Amino acid sequence: MKLLPAIFLLVVSSLAVAGQPPVASPEVSTPTEAALFAKGAINAMKALPIDGFNMVEAGGETYFISRNGRFAFKGQLMDTWSKTPITRIEQVDSVMNRIPLADMKLNIDELGPVLVGKGKTPVVVFVDPQCRYCKKLQQQLPALADRYTFKIIPIAVLGQESTILVNKIECLLQTKDKEKATTALLNQEYAGLPEQLPGNCDKEPMQKAVITSAILGLAAVPFVIAQDGRTHKGAPDDLAGWLNSTQSVSTAKQ
């Protein structure tokens, strides 16, 4: 099998682990497509009808093979979020279930988080204001407030009503009534929120939250990111136990 051209490898390798961040050979930088076109580095490009690739070790070689077996290539992957080369299959689960926020230089405070707790250890939680599983998770937070600082990012995944509630909560956070916004979200009781949004409400944090959730590939909420990058899809039955463990793969009831 001949090695693919470097730029083609860069594009295809971004699909090599389904649902994961774009990846590339460590020798190849990852500029935007627009920048590559501007430099004349790309002569042609076409999206492939490929859902995803599997990493396969066989005969001392590592291959990336499409799920239907039609396409395959050899090479090395790089997790561009953590700057970690992926050379062994056993690394895949660790990468897939971790989001290294510090390595990504992602400032969660720019997403308009609702803060709960004053502990030294930050924990990021994505929720929908109407999600009943999110409420189950949120009810566990006050008891852990001395140890952790929970940064709750409300995003709308359950329709237009959720969008309205996110706007109200985020705009209220920008006023003196921050505590009212926090209480409303934690208890999912929104009757006391103002009907009209203030005209000077800054919508940028909400927009950044939506973009960030898309980049992280969030398909459902609640979604928890521990300080060490471990992630949990759904509400852990024992949040304190999970945060205190080193468990990197979790199965939660949705």
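Note that this is a predicted model, so its numbers are computed, not measured.
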Nearest 0.5 Å please: distance from the [atom1] atom of [X] over to the [atom2] atom of [Y].
X      : Y      : atom1 : atom2 : value
Leu111 : Phe126 : CG    : CZ    : 6.0 Å
Gln91  : Asp79  : CD    : CG    : 9.5 Å
Leu173 : Leu185 : CG    : CG    : 8.5 Å
Glu161 : Gln130 : CD    : CD    : 5.0 Å
Leu193 : Leu165 : CG    : CG    : 7.0 Å
Thr149 : Leu144 : OG1   : CG    : 11.5 Å

Check for a donor-acceptor pair, side chain of [X] on one end and backbone N or O of [Y] on the other, with a separation under 3.5 Å.
X      : Y      : result
Asn244 : Ala240 : no
Glu57  : Ile89  : yes
Ser213 : Val210 : yes
Tyr190 : Lys168 : no

Is there a side-chain contact between [X] and [Y] in this structure, where contact means two heavy atoms from C-beta onward sitting under 4.5 Å apart?
X      : Y      : result
Thr182 : Ile152 : no
Asp146 : Lys118 : no
Asp238 : Pro236 : no
Ser162 : Val157 : no
Arg230 : Ser245 : yes
Val114 : Ile169 : yes
Leu243 : Arg147 : no
Leu239 : His232 : no

[X] and [Y]: which non-hydrogen atoms are nearest, and at how many Å?
X      : Y      : value
Gly112 : Glu170 : O-OE2, 2.6 Å
Gln188 : Asp128 : NE2-O, 4.1 Å
Asp103 : Lys83  : O-NZ, 4.4 Å
Val166 : Ala156 : CG2-N, 3.9 Å
Leu216 : Met104 : CD2-CE, 3.9 Å

Lys136/Asp237 ion pair, N-O < 4.0 Å: yes

Lys178 atom NZ, neighbour heavy-atom count above 12 within 6.0 Å: no

Flag if over 12 foreign heavy atoms under 6.0 Å of CD, Gln196: no

Hydrophobic cluster identity match, Leu115 and Leu172, side-chain contacts under 4.5 Å: no

Residues 197-207, side-chain donor-acceptor partners within the protein, below 3.5 Å, at least two apart:
residue	atom	partner	partner atom	Å
Asp202	OD1	Glu204	N	3.0
Glu204	OE2	Lys208	NZ	3.3

Phe53-Phe73 aromatic ring centre distance below 6.0 Å: yes

Test: Arg98 cationic atom under 6.0 Å from Trp81 six-membered ring centre, within 45° of axis: no

Residues Cys131, Leu158; criterion side-chain contact (heavy atoms from CB on, under 4.5 Å); working and verdict: CA-CA 8 Å; Cys131 163; Leu158 296 177; 4.2 Å; yes

Side-chain cluster (under 4.5 Å, hydrophobic types only) that Ile164 belongs to, other residues: none

For Phe150, all residues meeting ring pair (Phe, Tyr, Trp, His ring centres under 6.0 Å), sequence neighbours excluded: Tyr148

